Amino acid sequence: MRTIFTIARNDLFIFFKQPGNWVSVVVIPLLLTLGLGWAFGVGEDSGPEKINADLVIPVETAATQRFVTRLHAVNGSLRLCPMDNDAENACNLEDGQAIPTVDQALLRVQNGRTAALIVLPPDFATEREQAIDNSSPIAYYSLEDPTLPSPILQSAQTVVQELNGTDVAEYAGMALVDLFDELAEQEGQTLFADAAARENFAATYRTALVRRMENQPELVNFTATAPMSEDTTLQGFEQAVPGMGAMFVMFTVLAGMAVLRRERSDWTLQRTAVAPVSRAQILAGKAGAYFVLGMVQFLVIFTVGAAVGIPLGRNAPALLAVMAAFVLCITGLTFALAPHMRTIGQAANLERLISLTLAPLGGAWWPLAIVPPFMRTIGHISPVAWAMDAFQKIIWFNGGLQDILLELGVLLGAAAVLFGIGVAAFRIDA
Amino acid sequence: MADNGAAPMILTEHLTKTYPNRGGKPIEAVKNVNLTVERGEIFSLLGPNGAGKTTTISMISGLIKPTAGDAFIGGHSITREPMAAKQLMGFVPQEVALYPQLSARQNLVFFGKLYGHYGAELQRRVDEVLAFIDLTDRQKDRIETFSGGMKRRVNIGVGLLHKPDLIYMDEPTVGIDPQNRRRILDTVKQLRDEQGMTVLYTTHMMEEAQELSDRVAIIDHGEIIALGTQGELTQQVGGQDQLELTIDGAGWSEELISTLEQQVKGVSRVQYLPPDEAALDGGIGLTGKLNVFVGQGRRALPDVIELLNRAGVDVQSVKVQEPDLEAVFLALTGRALRD
Ligand SMILES: Nc1ncnc2c1ncn2[C@@H]1O[C@H](COP(=O)(O)OP(=O)(O)OP(=O)(O)O)[C@@H](O)[C@H]1O
Ligand SMILES: [Mg+2]
């Protein structure tokens, strides 16, 4: 045990004796994490984001006016373009496009300037009697996945149902009133003094209906939920800290490939091996050193997270478990590959190649939630993806150890396999 | 089994190492080497580049596994009891096997700990070794700031730290200046004479083997082709001294050859190179060159000179060439050591 400790300590001592290593383990990771954390957070500090939807109204009427009002009421996060455009051109309108035509608006959908296009028919909500048989539908265009729920479409449908509901109720109510009126007349009585009185009643009834419809107690009222951290810059760091942590752990630990290669050419490894020290002790000492380096790297970057206010203390044991499992996995990878390095240069290149591939693939640079599903699946060949999943569960969803067992299992399983390969292939000769 | 002091320091049995060779026939780096190195002797392994010296040392230090055979260090099999065997040996690799980023002292301390020395005792040993290699005043400097000779001295120091019974030195003087080389050779002799250490020394330099060793094994293409004291080895190839004389060609006559062969005791052969041939062989002007092969050159020299003077031949310079390991190697392989 003492020998293992001596070997690990010596490796760490040599590592931290070199000023360049301080730069690559502390300075660069800190700068990159801070930069990326702020970059991700910028522009979102005006509260929850609004979603653009173009609305084309060929003929403006009181009914179309009501449609717009109700749409806003039903979903506060809709920005209807062009009418809701602001000074910063949140609608992304081009010059001279004060009111886009249907064709222009379609283009806007296609190039992502707006999430959806709603076109009201010219005869929107004219006389109901006419509309029943030959109503033209509201047209809806979007790049959205038709199998997934769409907030814009759902809001539009809610409004239409509300309007139609009002109509149906009014029709049914007035039909009943007219029936009673007829019955009363047969008895020589009358419900309404004159036609004006009936109209008056109808208007009052309608107002009551509308009020009821617009204040349905069962209406699903969507409120954009505030994220766990109120400060939106925090959201940037909640991605950047674990992401950069995982990436720099790979850089730091995989650099061990070059160090091991160098120790073989310099004969320091051979000199260690001719001492009365077993192969297992050498391996344990070296692996121990890289495990500690990886954990130090994670802690350096997570210190940034703690400093900007991510509440990391909440689930510290779970966080440490993920870090340890990921570092073990990468240490295993280092030892599995190191015996095959022919030159120090080759080892250094491979270190960069692996880190710069596995990091973005596994969601260290941006959340995997925003990539296409198949890329998300492929991404999980990267241990980074499993670590990021676990970090998200802990940091975003306040999860504990019991929530990350799958991720821990995958990382530790991979570590075991890689260490197995590394131990079998470990070589001492130059 | 403890080191009982009776077993030879090193004993190898059919030690063999074969490296697989992609596409070609396997490289037989060491073939069936059987050696016995006694306690307290300096034993040299002399051979040209690629002869298999480092491979042999690597096997008997437990660094690489023999393809066949075994080695016993103080009676402990290096393959079956490596820990006991390794504790007895110190190792000075051919490369400067030191951490360049660490100071001389830090290197000594680290490797000392690997041999189980800690604390005040370790510090005392480090101080001793630093004094022995004469680097006490530079001990805090990083190895990468050292000269080649200083690095070599630290390289040796690390091997001595745990006061081993046996030390391997694999070409410890390679690539350094004559002054530092002198120092290292003196150190090696000191280790044997003052500390009773057994030294296994490898070199491709005949002069070093000649100066240091009690016994020499000549290795070539992985095989031991000769083994013994220097006297034994030169005898083995029928070693004769050679007198090289530069003479004034004017007084020379061919009859002198037979006169020399008959009248001087021990002379076996006389060879004369006239001025034009001698010029090709390094002679100058009108001087010829006379080579006299004789059993004991120094004893025959006065007679040869007197005989030549009487015949009126002017001797301008004389060199006595005694047979050496170079000559042995040449006789055994038909090649020079330095090829
Ligand atoms: N790992 C290896 N793989 C294949 N061949 C090897 C290996 N190590 C050594 N050899 C070969 O074995 C032979 C002996 O090499 P070795 O290093 O023992 O020679 P040496 O006597 O120490 O030479 P030098 O004086 O140059 O140090 C050489 O032909 C060398 O190429
Ligand atoms: Mg060698």
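Each chain gets a letter, A, B and so on, in the order its sequence line appears, and its residues count up from 1. Note that this is a predicted model, so its numbers are computed, not measured.
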What part of [X] is in contact with chain A, defined as an atom under 4.5 angstrom from a non-hydrogen atom: side chain, backbone, both or neither?
X: B/V96; result: backbone
X: B/F111; result: side chain
X: B/Q106; result: side chain

Of all heavy-atom pairs between [X] and [Y], which one has the smallest distance, and what is that distance?
X: A/P276; Y: B/Q87; value: CG-OE1, 3.1 Å
X: A/K17; Y: B/R142; value: NZ-CG, 3.6 Å
X: A/D266; Y: B/E95; value: O-CB, 4.4 Å
X: A/A273; Y: B/L63; value: CB-CD1, 3.8 Å
X: B/G159; Y: A/R271; value: N-NH2, 3.7 Å
X: B/F110; Y: A/I7; value: CE1-CA, 4.0 Å

[X] [atom1] to [Y] [atom2] distance, which is reported to the nearest 0.5 Å:
X: A/Q270; Y: B/I64; atom1: CD; atom2: CD1; result: 10.5 Å
X: B/Q101; Y: A/F16; atom1: CD; atom2: CZ; result: 14.0 Å
X: B/Y99; Y: A/T268; atom1: OH; atom2: OG1; result: 4.0 Å
X: B/L98; Y: A/W267; atom1: CG; atom2: CH2; result: 13.0 Å

With chain B, which of A/N10, A/T6, A/T3 has the greatest number of heavy-atom pairs at distances under 4.5 Å?
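Going by pairs under 4.5 Å, I would pick A/N10.
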A/R262 versus chain B, the contacting section by heavy-atom distance below 4.5 Å:
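When you check distances to chain B, only side chain atoms of A/R262 fall under 4.5 Å.
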Is it true that the NZ or CZ of A/R2 lies under 6.0 Å from the centre of B/Y118's six-membered ring and within 45 degrees of the ring axis?
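Because its charged atom sits under 6.0 Å from the ring centre and within 45° of the axis, A/R2 does stack over B/Y118.
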